[in-house]
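Some notes on the structure that comes next.
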Number of protein chains: 2
Amino acid sequence: MTDDLRSAGAPTLEDVARAAGVSRATVSRVINGVRNVDPAIQEVVRQAVSVTGYAPNRAARSLVTRRADAVALVVSGAGVEAGADREGSGSRSAGDQGSFTAQVFADPFFGRVVTGVVNYLRPRGMHPVLMFAETSRARDEVVAYLRQGSADGALIVSTHAEDPLPGLLTEAGLAAVLFARPARPVPISYVDLAHQDGARLAAEHLLARDCRRIATISGPLDVPAGQARLAGFRDTMARHGHPYTPIAEGQFTQESGEAAMERLLAAHPDLDGVFAANDLMGMGACHVLREHGRRVPEDVAVVGFDDSSAALACRPPLTTVRQPVEEMAAEMTRLLLDRLARPTSPATSVIFEPELVVRGSA
Amino acid sequence: MTDDLRSAGAPTLEDVARAAGVSRATVSRVINGVRNVDPAIQEVVRQAVSVTGYAPNRAARSLVTRRADAVALVVSGAGVEAGADREGSGSRSAGDQGSFTAQVFADPFFGRVVTGVVNYLRPRGMHPVLMFAETSRARDEVVAYLRQGSADGALIVSTHAEDPLPGLLTEAGLAAVLFARPARPVPISYVDLAHQDGARLAAEHLLARDCRRIATISGPLDVPAGQARLAGFRDTMARHGHPYTPIAEGQFTQESGEAAMERLLAAHPDLDGVFAANDLMGMGACHVLREHGRRVPEDVAVVGFDDSSAALACRPPLTTVRQPVEEMAAEMTRLLLDRLARPTSPATSVIFEPELVVRGSA
DNA sequence: ATGAAAGCGCTAACAT
DNA sequence: ATGTTAGCGCTTTCAT
């Protein structure tokens, strides 16, 4: 009805201005909530906006504001293959095309990160662009993407220890925040968990249950989280008079947890407690224990780590150390937006405290 | 070194042009791979690009090309709460903040979708922007986002049957493709699985194993996929001389699968086969069966659906019907890009055939 | 408080 | 084959 002679493209500021009988600048002010606009005119403009069905063109706005209102959410790895994704599902389903992305996203962990990120971003009118950076080439694309101004900064979830991406980003002067401390020190903000404290919680719980022959299935030892969880566990055991505890290294996958449990059981048939460095491996351990006729928790108590969905899927449900992934992801996002607002602010780190969640397995 | 008097902002086309001693247009041509540029000059330009460290500004480009080179990947639902996510994990971990997003992304299903989408998009220089649309307000934001030109089209994964988003999008003349057929017919492209065929495969497998007292744990019956899987199962059973089969409705969560299995077992203690409409429920069923002293598959055979990571996490690993989620997601993406290339092309649907995957449970 | 006008960096006619 | 030029739609001084 109120359509003019235009037929083509979406309405522009110009159209709204004409309809409202004011200038583009005024419309712009109203839309961006800048004060100093007569309330009456504001109303007229708002009318015109809804009549014309106007929606501001984001590219045009970005061109002048130099902000994309988007951040890259990057899942990053060090190499091409090397199955050791952060908390890989260990899945070999047909859907698992052997690709990095397939492995990574099969894990509920990333879903939790996404949740935390989106929940923080959304009320602020920003959105995450998903990117993978598992090859050198893909990493360059991430850098290019940011340099093009397609995203204002990057949130990085690394699956490998020696990930070069954080270094590349800081070198290029791009804003980025990590989930988990980088293996080599990089002047960059990150959030992380007090892994050692978590492992201590697990060890103490096992000890308090009167387990005396406790073993651990560690995570990959080239990953900081894997190292820290093991260190925390060992320290606590030592402090309680157990200088030696059997250890089998896993890769954070269910499969590797099963294999590790088999080894442990073969070498120490009498063990009565197991600390698995994540839930997936804890679940695998439970399976193996049951196959060997051990009851959980009566014969062998099992404690996991993360409080992922695997902990609840397991029978019995896993007693585990909760990692508040969603909150950590939200905080990581907050750190990034802070940095964007104040580009000169120094890098910081925020460490979260884990929490023991007691369920049926220990 | 080759820096001029500029100190501020990123290098622009103008800078490169000056460095190469040519015009902006020529540089643009080289960068966009347009022919008709002297190879020698191309080389000079390329040099200039790398010397200046030039990266094209995406906003400026989008402004003129009217393309964002991004698509919205929307996880959509019908209402605010109503826990019935598509294939909810049934998790109640502390990480599960009760939020829609938390529930949705706890499920490996979405990870598989993301994988398929990214793998198709990436080689084409495009990226997915993650959005949730679980409330009326969030849906409006998705529509606005697209109208602003922030994304060129939308990929929609609905968690509910009566999702209004597809309708909103088509009304607004925006390009969109769905994963799974909409509950009410909407002139929009989608990919889907031949759910009935999948259920048939499951039923025939159970029958071929000489199961005679077969029950099913269905999905939510207000979801097309839930209906179709049940219908396919029943038809096949009937065709094989089983006019009646016990059914318990589940919600695609592990928990609901457990509850359904309890009911089934109470009413039909002698059953010897179960078809669960998804793996999560199948896993729950296995747990309950074992608790009731039934061996799987010796006493009761169980077949799941999806071939999700849950199928492999289960003990015994689930025999299941594989849904090629990654390929379906890639095809969905292809349909969208097709549509963007040819906006007038009619809506189409692509239906994928499921496949039986035999493992330990049946 | 409002308007006029100058770009933001790029692509795409059009001209040569 | 290359250069010139005119915008794309918006924000933002700078006048008024």
Side-chain angles (χ1 to χ4, degrees), chain A residues 4 6 8-46 48-49 52-69 125 144-150 152, chain B residues 4 6 8-46 48-49 52-69 125 144-150 152:
Chain A
D4 282 23
R6 297 163 290 98
T12 73
L13 256 197
E14 183 73 50
D15 298 323
V16 179
R18 198 180 312 138
V22 298
S23 73
R24 287 205 311 267
T26 299
V27 178
S28 176
R29 288 183 186 111
V30 172
I31 284 171
N32 293 298
V34 178
R35 325 178 288 281
N36 297 346
V37 178
D38 186 299
I41 293 195
Q42 285 195 35
E43 190 44 36
V44 173
V45 170
R46 261 184 260 286
V49 166
T52 54
Y54 172 74
N57 178 306
R58 188 87 81 134
R61 177 178 289 177
S62 285
L63 184 55
V64 37
T65 62
R66 320 193 82 79
R67 314 214 319 107
D69 288 329
Y145 193 77
L146 289 163
R147 296 213 329 134
Q148 288 184 52
S150 300
D152 301 323
Chain B
D4 281 23
R6 297 163 291 100
T12 72
L13 256 198
E14 183 74 50
D15 298 322
V16 179
R18 198 181 312 139
V22 297
S23 73
R24 288 206 310 270
T26 298
V27 178
S28 177
R29 288 183 186 110
V30 172
I31 285 171
N32 294 297
V34 179
R35 328 178 287 280
N36 297 344
V37 179
D38 186 298
I41 293 196
Q42 286 197 34
E43 191 44 36
V44 173
V45 170
R46 261 184 260 285
V49 166
T52 54
Y54 172 75
N57 178 306
R58 188 86 82 134
R61 176 179 288 177
S62 285
L63 185 54
V64 37
T65 60
R66 319 193 83 76
R67 314 215 318 109
D69 287 330
Y145 194 77
L146 289 164
R147 298 215 325 136
Q148 289 184 110
S150 299
D152 300 323

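To find a chain, count down the sequence lines: A is the first, B the second, and so on, and within it residues start at 1.
Among the atoms of the strands shown, base atoms are found under 4.0 Å from some heavy atom of B:Asn36.
Between A:Pro56 and B:Asp38, the one whose closest nucleotide on DNA chain D sits nearer the 5' end is B:Asp38. Residues A:Thr26 and B:Ser28 each lie close to DNA chain C; by heavy-atom proximity, the contact nearer the 5' end of the strand is made by A:Thr26.
The CG atom of A:Leu63 sits 14 Å away from the P atom of C:dG7 (whole-angstrom rounding). In this structure, B:Arg24 atom CZ and D:dT4 atom P are separated by 10 Å, rounded to whole Å. As rounded to whole Å, 13 Å separates atom C1' of D:dC8 from atom CG of A:Asp15. Taking atom CD of residue B:Gln42 and atom P of nucleotide D:dA1, one finds them 11 Å apart after rounding to whole Å. Per the geometry, CZ belonging to B:Arg58 stands 13 Å off C1' belonging to C:dC10, to the nearest Å. A straight line from CG of B:Leu13 to P of D:dG3 spans 13 Å, rounded to a whole angstrom. The interatomic distance linking A:Tyr54 (OH) with D:dC10 (C1') rounds to 7 Å, in whole Å. Distance, A:Arg18 CZ to D:dC10 P: 12 Å, rounded to whole Å.
Distance alone, capped at 3.5 Å, is enough to place a donor-acceptor pair between the B:Arg147 side chain and the A:Gly53 backbone. Counting only distance, with no hydrogens or angles, the side chain of A:Ser28 and the backbone of A:Arg24 share no donor-acceptor pair below 3.5 Å. Looking at B:Asn32, its side chain never comes within 3.5 Å of a backbone N or O of B:Val34 through a donor-acceptor pair. In this structure, the side chain of A:Thr52 engages the main chain of A:Ala48 through a donor-acceptor pair within 3.5 Å.
For the OP1/OP2 pair of D:dT11 and a distance below 4.0 Å, the side-chain nitrogens and oxygens of A:Thr65 include no atom meeting the criterion. The phosphate of D:dG9 (OP1 or OP2) has no side-chain N or O of A:Asn57 nearer than 4.0 angstrom. Taking 4.0 angstrom as the limit, B:Asn32 places a side-chain polar atom (N or O) nearer than this to OP1 or OP2 of C:dT11. For A:Arg66, a side-chain nitrogen or oxygen approaches OP1 or OP2 of C:dG9 to under 4.0 Å. A:Ser23 has no side-chain polar atom (N or O) that falls below the 4.0 Å cut-off from OP1 or OP2 of C:dA4.
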Contact list (N/O, under 3.5 angstrom) for nucleotides 13-16 of chain D vs protein:
none

| query | Going through the distances and angles, do B:Arg29 and B:Val22 end up as a side-chain contact (heavy atoms from CB on, under 4.5 Å)? | reply | CA-CA 11 Å; B:Arg29 288 183 186 110; B:Val22 297; over 6 Å; no

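Within the 4.5 Å cutoff, no side-chain heavy atoms of B:Gln42 are placed close to those of B:Val45. A heavy-atom distance below 4.5 Å is not found between the side chains of A:Val49 and A:Val30.
The side chain of B:Val64 has D:dC8 as its nearest neighbour among D:dT11, C:dG3, D:dC8.
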